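Predicted, not measured: the structure shown is a model, and the values here were computed from it.
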Amino acid sequence: MRTATTTVTATVLVAVLAGCGSTEDRRGSTAGVDADVATTSTPAVAFDEALHDELMAMLEADQEERLGAGPLDDADRTERLKQIVAEHGWPTISLVGEDGEDAAWAIAQHSDHDPEFQARAVQLIGEAVERGDASPGNLAYLTDRVAVGSGRAQTYGTQVGCGPDGPEPATPIADEAVVDAARARVGLAPLSDYLEEMARICAQDEP
């Protein structure tokens, strides 16, 4: 039987790449993001096609492995992303495009073996979000991931597991009374909508 702590983040990402509704929930919409969270000004950074392509290849390998193509190689991808960050800073939208920034986020999201780097990535993505150069939704997901990894309550309720009765948060939500407002500030759909989608994913995963 599946447990409530079985996270479905990888499944969600696969669904995102397949074009399901999760894309809009995670990435959010600029129109739905508070001015305090993101601005519209982005730095003049030249697009790095080679870096974009490398990140996309890393994401493709990540997803293939999570679909059973081979053993997980998260450690090597994390080390490469750390090298990229050391050289370029966080791979922002202006540097590698929205899909490249998503790819970097996914690799950081799967770097649970290196919580110190995940926490550093939260800081860097947050700074980029303030410049309007990274996804506020990605920041929300990684913020919750770091919280769950240390056993703390989530802010946005993004880390969900498939329990015997459907989707359940991997750790409690810090303040359920304001979670939808917090999600709206980063462009995410209401928690009830997200849980409905996760219920469909959990149902597909049933034996």
Side-chain angles (χ1 to χ4, degrees), residues 7 9-10 12-13 16-17 22-30 32-63 66 72-150 152 154-156 158-159 182-183 185-188:
T7 58
T9 303
V12 173
L13 187 55
V16 166
L17 295 177
S22 300
T23 306
E24 293 304 317
D25 180 73
R26 183 179 50 76
R27 172 154 288 285
S29 165
T30 303
V33 179
D34 277 2
D36 290 341
V37 177
T39 68
T40 57
S41 61
T42 56
V45 176
F47 179 76
D48 190 327
E49 185 171 357
L51 182 57
H52 164 271
D53 292 349
E54 180 181 3
L55 287 166
M56 296 307 296
M58 291 166 68
L59 176 61
E60 182 177 1
D62 173 285
Q63 292 300 286
R66 280 176 163 74
L72 293 179
D73 196 13
D74 290 329
D76 283 351
R77 280 186 290 272
T78 298
E79 287 306 309
R80 177 56 186 143
L81 182 57
K82 289 167 74 170
Q83 294 171 359
I84 290 169
V85 167
E87 182 177 354
H88 300 278
W90 183 253
T92 58
I93 293 171
S94 57
L95 181 65
V96 295
E98 287 189 357
D99 55 350
E101 199 263 331
D102 281 348
W105 160 79
I107 295 161
Q109 191 84 348
H110 292 152
S111 299
D112 296 327
H113 61 282
D114 194 339
E116 183 177 347
F117 173 66
Q118 283 186 319
R120 174 62 174 156
V122 167
Q123 177 186 350
L124 293 173
I125 297 173
E127 293 170 356
V129 166
E130 290 179 357
R131 302 192 302 270
D133 212 11
S135 163
N138 287 349
L139 175 61
Y141 270 72
L142 189 56
T143 297
D144 277 355
R145 185 81 165 202
V146 169
V148 168
S150 60
R152 294 182 287 110
Q154 306 179 58
T155 301
Y156 305 96
T158 64
Q159 300 302 289
R183 290 175 64 90
R185 282 196 295 272
V186 294
L188 299 182

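- Using a 4.5 Å cut-off on side-chain heavy atoms (C-beta onward), Arg183 and Thr158 make contact.
- Side-chain atoms of Ser94 and Asp133 include a donor-acceptor pair closer than 3.5 Å.
- Residues forming a ring-ring contact (aromatic ring centres under 6.0 Å, His included) with Phe47 (at least two apart in sequence, or on another chain): His52.
- The CZ atom of Arg80 sits 14.0 Å away from atom CG of Asp73, with the distance rounded to the nearest 0.5 Å.
- Taking both residues in full, the closest heavy atoms of Leu81 and Met58 are given as N-CE, 4.3 Å, listed atom of the first, atom of the second, then distance.
- For the atom pair Ser135 OG and Leu142 CG, the distance stands at 11.0 Å (nearest 0.5 Å).
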List the steps and the verdict of side-chain contact (heavy atoms from CB on, under 4.5 Å) for Thr92 and Glu101. CA-CA 6 Å; Thr92 58; Glu101 199 263 331; 5.5 Å; no

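- Every pair tested for salt bridge (Lys or Arg N to Asp or Glu O under 4.0 Å) that includes a residue from residues 120-129 fails, sequence neighbours excluded, so the list is empty.
- Counting heavy atoms from C-beta on, the side chains of Ile84 and Leu55 come closer than 4.5 Å.
- Residue Ala182 comes nearest to Tyr156 through the heavy atom pair O-CE2, 3.4 Å, listed as atom of the first residue, atom of the second, then distance.
- Contact check for His88 versus Asp48: side-chain heavy atoms found under the 4.5 Å cut-off.
- Checking each of His113, Arg66, His110 against Asp74 for a side-chain hydrogen bond (donor to acceptor under 3.5 Å, both in side chains) leaves exactly one that passes, namely Arg66.
- Closest heavy-atom contact between Ala46 and Leu95: O-CD1, 3.5 Å.
- Nearest heavy atoms, Asp114 versus Glu79: OD2-OE2, 4.4 Å.
- Shown here is Glu116, whose CD atom has no more than 12 heavy atoms of other residues, nucleotides or ligands within 6.0 Å.
- For the pair Gln159 and Tyr141, the tightest heavy-atom approach, listed with the atom from each and the gap, is NE2-O, 3.7 Å.
- Between Asn138 and Asp102, some side-chain heavy-atom pair lies under the 4.5 Å cut-off.
- Judged as a side-chain hydrogen bond (donor to acceptor under 3.5 Å, both in side chains), and not counting sequence neighbours, the contacts of Asp112 are Gln118, Arg145.
- Residue Gln123 places its CD atom among more than 12 non-hydrogen atoms of other residues, nucleotides or ligands, all under 6.0 Å distant.
- Among all heavy-atom pairs drawn from Leu139 and Val122, the shortest one is CD1-O, 3.5 Å.
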